[in-house]
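What follows is one structure encoded as structure tokens, with my remarks underneath.
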Amino acid sequence: MKLLECVPNFSEGRDLNIIKQITDEVESVEGVRLLNVDPGKATNRTVVTFVGEPAAVIEAAFRTIKKAGELIDMSKHTGEHPRMGATDVCPLIPISDISMEEVVDCARRLAERVGKELKIPTYLYEYAQPDKKRSNLSIIRAGEYEGFFKKIKLPEWKPDFGPAEFDAKRGATVIGAREFLIAYNVNLNTTSTRRANSIAFDVREAGRVMREGDPINGKIITDKDGKPRSIPGSLKAVKAIGWYIEEYGIAQISMNLTNIDVTPVHKAFDEVCAKATERGIRVTGSELVGLIPLKSMLDAGKYFLAKQQRSTGVSEKELIRIAILSMGLDDLSPFNPEERIIEYLLKDKADSKLVNMSLSDFADETASESPAPGGGSISAYVGVLGASLATMVANLSSHKKGWDDRWIEFSEWAEQGQHYKNELIKLVDKDTLAFNKIMESFNLPKSSDEEKATRTQAIQDATKYAIEVPFNVMKLAYQSMEVIKAMAETGNPNSVTDAGVAALCARTAVLGAFLNVKINASGYKDKAFTDKVLTEGNALQQMAIDREVEIIEIVNSKINM
């Protein structure tokens, strides 16, 4: 499914009624999901995030731009953030199964419609702007709202769409296509905008203008063409400025991380800390504006644990907790991962019904008269327990007194164990969903030949899926036995029996899942497919049996000494 994200920034952060009317426009469009609304009083700006199929996102964006123009009067607007219009900027971002070329086309169509139907001066930026001299947002917005009355009259600043007349009430807007960007502020224990800006210039890629003598008031040094020379900052793909936030009574470094593969959020935080310390200033925490990808939070958690020489093979929840604590993301307000991490907002809770139950509720659900969850889900969960036990042994070994020089070795094993645990836990619900799909397909109508054909195909598709899910359980559970064996051989000797129990769990998961593979394969008509799966399944089953015997022998040899 093609998923497009839109993150419009509106020049209103104080009047919640206006903000609500704008976001209501998003929710009025079918096929669009509103993910986040992040107003800022000091900046007088609200960042809204929504996703959906491209056509629906374009429609929702158009409606919000129209509504913002009706409700916001830019002639009365004040705020710390640079701005030029009621809808200041409206970027479109690819999320899944959509190319940047397609996103560019979406941005151009939206911009053309805004210019033509709403008569708002509209500029393209980033990938959507063919003229690279005016593709940078900061260059387009230079002069801001107050300066655009003159700027728009210049031939080189004629809008891409809409009239070349500045709209005093609605201003101008910028629409573009870009990669995922993280808007991120670092909090300082100072009220000085000048000092905050000095740190911002230290870190941002553009750096600062080179001057003679005094770095602030000294004469600007130019090159042979008379252009100012600059001293680059220490962070690539980072834009930054310093400002004072009256709402919080502190100065901040406000950053846009334009390529988080080049400069991830934890590196930006640490670098600002280092530069602030050099200037006698302390970082007290940080603030995320809008949403963040899950990977960014997990990478941050691992980064800060590794700095402590602690195992990074801990749960997703713990990694996120470490990231929040380390970067002080809850310094100014509570940071709720369920509301700020994009994958969590997109997650369908129905796909994780079983794993979100308590142990007793899960047992009660299994014991009920309902045929699902059944042996397939239980096999997957037994595999989860085996991988979890192996991971526990790895983490205990990583932190064992006297084994400090081996923490990386066991941390790597723990990360592998976490991977198998996480993948297997997804299959607990998937096995039940697979069973439900088969039941749904059998209930399809069969009154006509066409309906019968559709029903037969649906049954076959559902059956194939019901074979693939437990077969994946088999593969993952067997692969986890590599970690289990390593922990039996080299892990903390006090936990060797835990490795033994893990081996028993993994073996059970493989054998139990294979029973499901075989019964579902009996109802699938593609014999070539089932023969291949059953041959591989038999081999996996025997390998799991042999590996379990091998591990138990290791365990017994250590506890019988």
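Between D429 and K353 there is no salt bridge, since no side-chain N of the basic residue sits under 4.0 Å from a carboxylate O of the acidic one. Between D38 and R45 there is no salt bridge, since no side-chain nitrogen of the basic residue lies less than 4.0 Å from a carboxylate oxygen of the acidic one. A salt bridge is absent between E156 and K133: the closest approach of a Lys/Arg side-chain nitrogen to an acidic carboxylate oxygen does not fall below 4.0 angstrom. Ion pair E27/K20 not flagged as a salt bridge, since none of the NZ, NE, NH1 or NH2 atoms sits closer than 4.0 Å to an Asp/Glu carboxylate oxygen. Under a 4.0 Å N-O distance rule, the pair K437/E440 does not qualify as a salt bridge. Residues D24 and K67 are not paired through a salt bridge, judged by the lack of any N-O separation under 4.0 Å between the basic side chain and the carboxylate. A salt bridge links D160 to R134: one of the charged nitrogens lies within less than 4.0 Å of a carboxylate oxygen. Salt-bridge formation is detected for the pair D202/R208: a Lys NZ or Arg NE/NH1/NH2 atom is positioned less than 4.0 Å from an Asp or Glu carboxylate oxygen. With salt bridges taken as basic N to acidic carboxylate O contacts below 4.0 Å, none links E165 and K119. Ion pairing of R109 with E112 is absent here, as no side-chain N (NZ or NE/NH1/NH2) approaches a carboxylate O to less than 4.0 Å.
In this structure, CG on D330 lies 9.0 Å from CZ on F335, to the nearest 0.5 angstrom. Put simply, NZ on K151 and OH on Y145 are 15.0 Å apart, with the number rounded to the nearest 0.5 Å. Of the inter-residue distances, the one linking Y184 atom OH with M327 atom CE reads 5.0 Å to the nearest 0.5 angstrom. Between the NE2 atom of H419 and the CG atom of L424 there is a distance of 8.5 Å, given to the nearest 0.5 Å. Taking CD of E12 as the reference point, atom CZ of R83 lies at 12.5 Å (rounded to 0.5 Å). Taken to the nearest 0.5 Å, the CZ atom of R141 stands 9.5 Å off from the CG atom of N136.
Across every non-hydrogen atom of P264 and V262, the tightest pair is CD-O, 3.7 Å. K158 approaches A164 most closely through the heavy-atom pair CG-CB, 4.5 Å. Minimum heavy-atom separation, A177 to A128: N-CB, 3.9 Å. Here the closest heavy-atom approach between residue I322 and residue G301 is recorded as CG2-O, 3.8 Å. For the pair G242 and T193, the tightest heavy-atom approach, listed with the atom from each and the gap, is O-CG2, 3.5 Å. Between K421 and A387, the closest heavy-atom pair is N-CB, 3.8 Å.
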* Derivation and outcome, side-chain contact (heavy atoms from CB on, under 4.5 Å), residues T432 and L354 -> CA-CA 9 Å; T432 294; L354 295 176; 3.3 Å; yes
* Give the C-alpha distance, both sets of side-chain angles, the deciding distance and a yes or no for side-chain contact (heavy atoms from CB on, under 4.5 Å) between Q252 and L188. => CA-CA 6 Å; Q252 288 182 322; L188 307 174; 6.0 Å; no
* To do: Just do the side chain to side chain donor-acceptor pair (under 3.5 Å) check on D461 and Q457 with the steps written out, would you?
  => CA-CA 6 Å; D461 291 344; Q457 186 59 52; 2.8 Å; yes
* Step by step, would you call V283 with N187 a side-chain contact (heavy atoms from CB on, under 4.5 Å)? -> CA-CA 6 Å; V283 168; N187 311 326; 5.8 Å; no
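At least one side-chain heavy atom of L345 sits less than 4.5 Å from a side-chain heavy atom of L291. Between I93 and C6, the closest side-chain pair of non-hydrogen atoms is not below 4.5 Å. With contacts defined as side-chain heavy-atom distances shorter than 4.5 Å, the pair L110/V57 does not qualify. A heavy-atom distance below 4.5 Å is found between the side chains of L124 and R108. Contact of the Q418 side chain with the N422 side chain is registered, since non-hydrogen atoms from C-beta on lie closer than 4.5 Å. Between I98 and V103 there is a side-chain heavy-atom pair separated by less than 4.5 Å. I95 is listed as a side-chain neighbour of I342, based on a closest heavy-atom distance under 4.5 Å. Taking the side chain as every heavy atom from C-beta outward, C90 and V174 never approach each other to under 4.5 Å.
Defined by atom type and a distance below 3.5 Å, a donor-acceptor pair is present between the side-chain atoms of S358 and S360. Side-chain contact annotation: T173 with T87, donor-acceptor N/O pair under 3.5 Å absent. Between the side chains of E271 and S234, at least one donor-acceptor pair of N or O atoms lies under 3.5 Å. Between R282 and N189, the side chains place no donor N or O within less than 3.5 Å of an acceptor N or O (distance only, hydrogens not considered). No hydrogens or angles considered: a donor-acceptor pair under 3.5 Å links the side chains of D73 and S75. Inspection of the E415 and T312 side chains reveals an N or O donor paired with an N or O acceptor under 3.5 Å.
A donor-acceptor contact shorter than 3.5 Å links the side chain of E343 to the backbone of L294. A donor-acceptor contact shorter than 3.5 Å is absent between the side chain of T263 and the backbone of I260. Panel note: side chain S296, backbone I292; no donor-acceptor pair is recorded below 3.5 Å. In this structure a side-chain-to-backbone donor-acceptor pair under 3.5 Å is missing from N197 to I241. Of the possible donor and acceptor atoms, one in the side chain of S311 sits under 3.5 Å from a partner among the backbone N and O of G313. A donor-acceptor pair is defined here as one N or O able to donate and one able to accept, closer than 3.5 Å; no such pair exists between the side chain of N44 and the backbone of G40. The backbone N or O of N17 lies less than 3.5 Å from a partner atom in the side chain of D15, making a donor-acceptor pair. Checked by atom type and distance alone, the side chain of R14 pairs as donor or acceptor with a backbone atom of K41 at under 3.5 Å.
You'll find the ring centres of Y123 and F148 inside the 6.0 Å limit.
The number of heavy atoms from other shown groups lying within 6.0 Å of CD (E205) is above 12. A 6.0 Å sphere centred on OH of Y381 holds no more than 12 heavy atoms belonging to other residues, nucleotides or ligands. The number of heavy-atom neighbours closer than 6.0 Å to NZ of K132, taken from other residues, nucleotides and ligands shown, is above 12. Counted within 6.0 Å of CG on L154, heavy atoms from surrounding residues, nucleotides or ligands total more than 12; the atom is thus considered enclosed. Residue K267 places its NZ atom among 12 or fewer non-hydrogen atoms of other residues, nucleotides or ligands, all under 6.0 Å distant. Shown here is K66, whose NZ atom has no more than 12 heavy atoms of other residues, nucleotides or ligands within 6.0 Å.
For the pair K116 and F161, the NZ or CZ position fails the cation-pi test of under 6.0 Å to the six-membered ring centre and within 45 degrees of the ring normal. In this structure, K347 is positioned above the aromatic face of Y344, its NZ or CZ under 6.0 Å from the six-membered ring centre and within 45° of the axis.
The aromatic rings of F166 and F149 sit perpendicular, their planes meeting at an angle over 60°, well past the 30° parallel limit.
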